[in-house]
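Just so you know, residue 1 is the first one in the sequence shown, and it goes up from there.
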Amino acid sequence: MLITFSCKAYANVTMFGDIGLALLKMMGHSGGVPGAIRAEDVAEALAKLKAELELAANAQLEPSEADEDGAELEPAINLSTRAQPLIELLSSATKKQCDVMWDR
């Protein structure tokens with residue numbers, strides 16, 4: 001499943017469903033798809049998301065550079081990096097005072 005976030009102030013942002021749902025929950029939403037945030041609530045959702053991402057980054061342990069067989073693993077992309085396009089969308093929506101919507 002893919003989730004596409006949209007608002008009138010920024011290009012659509014499409015994410016894998018599990019990442020999108022995790023970010024929605026970090027913003028204080030139930031994770032229901034489809035959904036929306038009213039323009040007056042976008043700044044609060046953005047602040048919650050940033051705070052939760054900071055907590056997650058501080059709690060994250062250093063990943064191992066190799067698996068059990070000794071083969072090197074590709075570096076994992078952390079949630080903060082994956083969230084950047086959505087953070088930019090929410091920031092633009094805050095500046096332009098527009099609603100944010102998401103759907104499959």
Side-chain angles (χ1 to χ4, degrees):
M1 167 178 76
L2 297 174
I3 297 176
T4 300
F5 295 88
S6 61
C7 76
K8 293 180 180 179
Y10 199 82
N12 290 353
V13 173
T14 302
M15 300 182 157
F16 290 113
D18 57 338
I19 301 298
L21 291 175
L23 296 175
L24 283 170
K25 290 178 182 178
M26 288 180 163
M27 289 189 287
H29 288 272
S30 66
V33 178
I37 304 171
R38 294 184 322 218
E40 59 268 17
D41 298 327
V42 174
E44 181 182 349
L46 177 59
K48 285 181 182 180
L49 177 60
K50 286 181 176 181
E52 289 291 325
L53 287 170
E54 184 72 26
L55 286 174
N58 291 337
Q60 188 176 23
L61 300 175
E62 280 296 315
S64 171
E65 294 286 330
D67 66 8
E68 293 174 2
D69 298 331
E72 287 190 28
L73 298 175
E74 289 188 32
I77 299 172
N78 67 28
L79 193 55
S80 293
T81 301
R82 292 178 187 260
Q84 287 308 306
L86 181 58
I87 289 171
E88 291 175 16
L89 181 143
L90 294 170
S91 295
S92 294
T94 299
K95 289 176 187 171
K96 300 282 185 173
Q97 286 296 303
C98 62
D99 299 335
V100 174
M101 295 158 280
W102 57 91
D103 203 347
R104 296 182 197 262

Plane angle bin for Trp102 and His29 - parallel if under 30°, tilted between 30 and 60°, otherwise perpendicular: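 Answer is perpendicular, since the angle exceeds 60°.
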With rounding to the nearest 0.5 Å, note down the distance linking [atom1] in [X] to [atom2] in [Y].
| X | Y | atom1 | atom2 | answer |
| --- | --- | --- | --- | --- |
| Ile19 | Leu24 | CD1 | CG | 11.5 Å |
| Asp18 | Arg82 | CG | CZ | 7.5 Å |
| Leu2 | Met15 | CG | CE | 11.0 Å |
| Ser92 | Ile87 | OG | CD1 | 12.0 Å |
| Tyr10 | Lys96 | OH | NZ | 13.0 Å |
| Thr94 | Leu89 | OG1 | CG | 9.5 Å |

Verdict with reasoning, Asp41 to Val100, per side chain to side chain contact (heavy atoms under 4.5 Å, CB included): CA-CA 10 Å; Asp41 298 327; Val100 174; over 6 Å; no
Exam field: side chain Asp99 to backbone Ala39, donor-acceptor pair closer than 3.5 Å: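 Yes; at least one donor-acceptor contact below 3.5 Å.
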Donor-acceptor pair, side chain of Gln97 and main chain of Ala93, under 3.5 angstrom: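 Absent.
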Verdict with reasoning, Asn78 to Leu53, per side chain to side chain contact (heavy atoms under 4.5 Å, CB included): CA-CA 10 Å; Asn78 67 28; Leu53 287 170; over 6 Å; no
Verdict with reasoning, Thr14 to Thr4, per side chain to side chain contact (heavy atoms under 4.5 Å, CB included): CA-CA 4 Å; Thr14 302; Thr4 300; 3.0 Å; yes
Cluster overlap Met1 with Leu79, hydrophobic side-chain contacts below 4.5 Å: yes
Test salt bridge (Lys or Arg N to Asp or Glu O under 4.0 Å) applied to Glu54 and Lys50, step by step: CA-CA 6 Å; Glu54 184 72 26; Lys50 286 181 176 181; over 6 Å; no
Least distance between heavy atoms, Ala56 atom then Met26 atom: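 Residues Ala56 and Met26, closest heavy atoms: CB-CE, 4.3 Å.
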Heavy-atom pair with the smallest gap, counting every atom of Lys8 and Cys98: N-SG, 3.9 Å
Val42, Leu90, Leu46 screened by side chain to side chain contact (heavy atoms under 4.5 Å, CB included) with Met27, the one that passes: Leu90
